[in-house]
Amino acid sequence: MAKDYKDTLNMPRTDFPMRGRLPKREPLFQRKWEEKGVFKRLKEREAPLFILHDGPPYSNGHIHIGHALNKALKDFVVRYKALRGYRVSFVLGWDNHGMPIEKAVLDSKKTLKRLKNLLKEKVSDEVKGMVEDVVSSIDEAIKAKEERGFEDPEVKRLIREASRKYAALWVEVQKEEFKRLGVLTDWEDIYLTMDPEIEAKETEVLAKFTEEGYIYRGYMPLPWSRESQSALAMAEIEYYEKESPSLWFLAKSLDNDYYILVWTTTPWTLFGNRAFAFSPGMEYVLFRLPDGRTVVFSAEALDRIRETLGWEGEVVGRKKGTEFEGEKFQHPLFKDRVSPGILADFVSAEEGSGIVHIAPGHGKEDYEIGKVYGLEVFSPVDERGNFTKEADEQTAHPLNVVGLSIEEGGKRAIERLKELGTFVKLGKIRHSYPHDWRYKKPLIFRATSQWFLSLDHKDLRERALKAILNDVKWHPPESINRIYASVKERPDWVLSRQRAWGVFIPAVVCNNCGWETLVPEVMYRLAEDIRAGNSDAWLTEPLDRYLPEGFKCEECGGGDFSKKYDILDVWFDSGSTCITVLKGRNIGYPSDVYLEGWDQHRGWFNASLMVGMAHEDRPPYRTVITHGFVLDEQGRAMSKSLGNVVPPSYVIEKYGADVLRLWVASVEYTQDVRIGEEILKRIVDAYRKIRNTFRYLLSNLYDFTAPTDVMDVNDMLPVDRYALSRLHDVSTKAKEYYDAYEFNRLYRLLYNYVVELSSFYFESLKDRLYTWAPQGRGRRSAQTALYYILRELLLAFSPIIPHTTEEAWEYVPIENKPESIALALWEDLPESFKDPELERDFSTLVAMREEVYPALEVLRRDRKLIGQNLDARVEVKPKGEYGRLLERYLPYLNELFGVSQFVITDEPAGDERVEGEYGIWAVSHAKGNKCPRCWMWWEDLPEGEVCPKCKAALEGRDYVT
RNA sequence: GGUCCCGUAGCUCAGGUGGUUAGAGCGCGCGGCUGAUAACCGCGAGGUCGGAGGUUCGAGUCCUCCCGGGACCA
């Protein structure tokens, strides 16, 4: 029987599938965006401009989950801004030069294996096609290097060629991976730091800096990698635990009858000893040993030293640190050399003796204090870490260490101490020590001549610090501390690297006297050749082509020069993209937003700020957003050895990019974030709920079209106007959260709203939507609300889950809608939607609902008197003011409470009673008979007959007036 | 080793300037519906707010130390 009536109902229907099948279907929408040129249209429209300048990932290997987090966040911002009507600029970039790629190319075995593996992975044919070419280039480069050595320009050219191809390959791979994430951009408009145009522009930037006096040549100790035979920048250093020698020795005072006690963990640097540093504020003791010798060390360290060295003896005197300044000591290794006592603030007694061996050629602090005292910067070690002849030539008592490694030389130094009788103790110590980030090998400090960018020239640092405080917004606000500290503390920028794969620093050297210089004119001329397509011009072309007519050496007046082949630090490549890309391509300067991980305060944000300030005298960004790192479910960093790595491809292939993106939106990204199976499971659940909500909305709009069927707000039913008022709130808040980049609040707001909709509003709407007259006011009113909710929800979610919302968008019943949701405009809802009074009333009604529901639950679960709420009758004696509220909404109370009968009475009767804040409630099974069509119970309805409400509906009318 | 950040229910997150029984959603348990159905609805149980001290009439919120995790730096 009931079946007959079912056909007369307006049951929800839609073709929008319940299951997303994201891994399969997402690429369809990605292709759609590309084919329709969605982003091209967004970046070309007439509207205010919004720039997000992309920080370039390194083109070596697959993207990891951190890259995915980063690009997803950027995509949220860009898509949102586009939705709000901006013309958006988002040019994806890649960082191509540098040691890791050069190393990969020269380490053929590992690399070839990796490339072979790539052929088996899910990559495009285009990528596979590139592999062979890369492999043969690598082979050629390696063969040439073995035959002719690294310094040969042709070898360098071949290494560069192989590197270029290798980098291009990974750019292609990563591009596909970002595409699969759903990033909305113009894939034909990207930037590579190895683009000739960018290299040329970068060379010009360097020329300009040279002209303006920022660039100088300096000789100072720097972290040096023996493996890569290059100085390293701070960003290329990692710290690991390392076991080092712990050497205690004595140095004889030439002015007094005592020795000083010195401690070092780098015995090999004793060859470069030029002084001993004491702390100006510290007290020192004169300690008499049983053998009669007196030894000086820090008073604070007395107990520790006694214990460590097992010394018996007694304190026979005290001296202030300042008293040692200028005192002469014998060099630890060489009797014929003198090392003076000096004062340094950094000397402490935490470890060692409170007396520090100073080698200005082997340590940064040593160098700094050496400058103050005019000490020689002595660094008798070559690029492989072997001693040079200067190590022996400095004395008449050489240790003959030329050509020996620092380890062997260090042993000889210790033997010498023993010969001299000044050796005390040799032990071992484990401590954190700088290592080469690629080779994981300990670094040494070695003084070399390098090109520097001065941070204090023209007050660059000061200007940058001011800009940090005044001209840039930092999100989260605390991140300003990081950038400020990193700019304040950073040393002058070491620009030069002795490698092949990079942008050349086209310095020239006088063949007569060795004077080395940068000539702006050379650089500008070279830039033209690079721009024309020859990145290797500095290698392949004769110097005459670039050197100005009649150029003479400033030192000796000579006219015979050679080229130098140092390359630029890769941080200069990426740091200068604010000029080479933003200005070079006439995009605009500064960028509205930079958005990267917080390691970039030392890296890209810092480098970009320096270049930007020096070049444009204002920062390259208006807002800088930082995110944390991705950790595993237990909060540990991901690592191959722990086996807890979650690659983005895993998530995308298993759940879909929208799920990965929804995860990004759900977490507090300004801190470190976690990912793992349980977390993803929760996200998948949330995704399903959201998707189902879209589906339910669509399914109730199958016979509705906007704008034709859209009802005026003022004609709508109160419940539906309340729904619109809530929607207005949510929509306004959502935009606020987007504007504040608080995506996790946005996610929670929207998700909780979805939950609220489905448990309250949708639930209460069912009778009206399903059983009322299809075209009647009641149903159209509800549909109008649903339509607005759907539209608003899709727009609000579209930056986060663009594939799902795109799919749903195709079903949204709007005439002449934009081809893609990404092309739609998310405008503010009309103020007329807002109705605070309705919101107040309904929040009370909802609270009342929650007050009776436990009683209904008893009826259902314990007493088995009802099944669904529609079987129930509610009687209430309202308290205080609440009676008036209930009266006002009397026609809608059944609907709101989901029951068949709702009675306001002074004597509530029923099977279950409950007293609450709003009234005394009694609930029971509804009386009378159940309408076979709408399933509602009516007190005086003859059995088997259709209720008056349904009768009206069948006649195309609404029962309630 | 130094500096900074984080640590609230199983999970993800809220909890201005310290003040009633610490909140949400999910998950979990129990129940309903079978006209959103590999959906939907209801009810319920979960937290010594990392630990220990301290300041205070009163602390998740302020201070100190410790533990765990992370980042940056040397």
(request) For Arg933(A), report the nucleic acid contact type (base, sugar-phosphate, nothing); a contact means any heavy atom under 4.0 Å. (result) base
(request) Please say whether the positively charged group of Arg695(A), taken as NZ for Lys or CZ for Arg, lies over the ring of Phe16(A), i.e. under 6.0 angstrom from the six-membered ring centre and within 45 degrees of the axis. (result) no
(request) Pick base, sugar-phosphate or nothing for Ser758(A), based on heavy-atom distances below 4.0 Å to the nucleic acid. (result) base
(message) Under 4.0 Å, heavy atoms only, any strand: does Arg682(A) hit a base, just the sugar-phosphate, or nothing?
(response) base
(request) Fill in the dot-bracket string of RNA chain B, one character per base: . for unpaired, | for a pair to another strand, ( ) or [ ] for pairs within the strand, taking Watson-Crick or G-U pairs under 3.5 Å. (result) (((((((..((((.....[...)))).(((((.......))))).....(((((..]....)))))))))))).
(request) Please say whether the positively charged group of Arg482(A), taken as NZ for Lys or CZ for Arg, lies over the ring of Trp598(A), i.e. under 6.0 angstrom from the six-membered ring centre and within 45 degrees of the axis. (result) yes
(request) Mind checking Ser666(A) for me? I need base, sugar-phosphate or nothing, with any heavy atom below 4.0 Å counting as a touch. (result) sugar-phosphate
(request) Starting from the 5' end of RNA chain B, give me the residue, Lys681(A) or Tyr669(A), whose nearest nucleotide shows up first. (result) Tyr669(A)
(message) Whether Arg779(A) engages the ring of Trp772(A) as a cation-pi pair (distance to the six-membered ring centre under 6.0 angstrom, angle to the ring normal within 45°) should be assessed.
(response) no
(message) Run the side chain to side chain contact (heavy atoms under 4.5 Å, CB included) test against Thr771(A) and tell me which residues pass, sequence neighbours left out.
(response) Leu9(A), Asp767(A), Arg933(A), Cys934(A), Lys949(A)
(request) To the nearest Å, give me how far apart CD1 (Ile683(A)) and P (C26(B)) are. (result) 13 Å
(request) Find out whether Thr626(A) and Leu595(A) are in side-chain contact, i.e. whether some heavy atom of one side chain is under 4.5 Å from a heavy atom of the other. (result) no
(message) By the 4.0 Å heavy-atom rule, please label Asp862(A) as base, sugar-phosphate, or nothing.
(response) nothing
(message) Given the structure, check if the side chain of Arg674(A) and the base of U12(B) hold any donor-acceptor pair shorter than 3.5 Å.
(response) no
(message) If I pick the C1' atom on C26(B) and the same atom on G46(B), what distance separates them, to the nearest angstrom?
(response) 14 Å
(request) Let me know, please, whether Pro12(A) or Ala686(A) comes out on the 5' side of the other along RNA chain B by nearest nucleotide. (result) Ala686(A)
(message) For Trp937(A) and His925(A), I'd like to know if the aromatic rings sit close, meaning centre-to-centre distance below 6.0 Å.
(response) yes
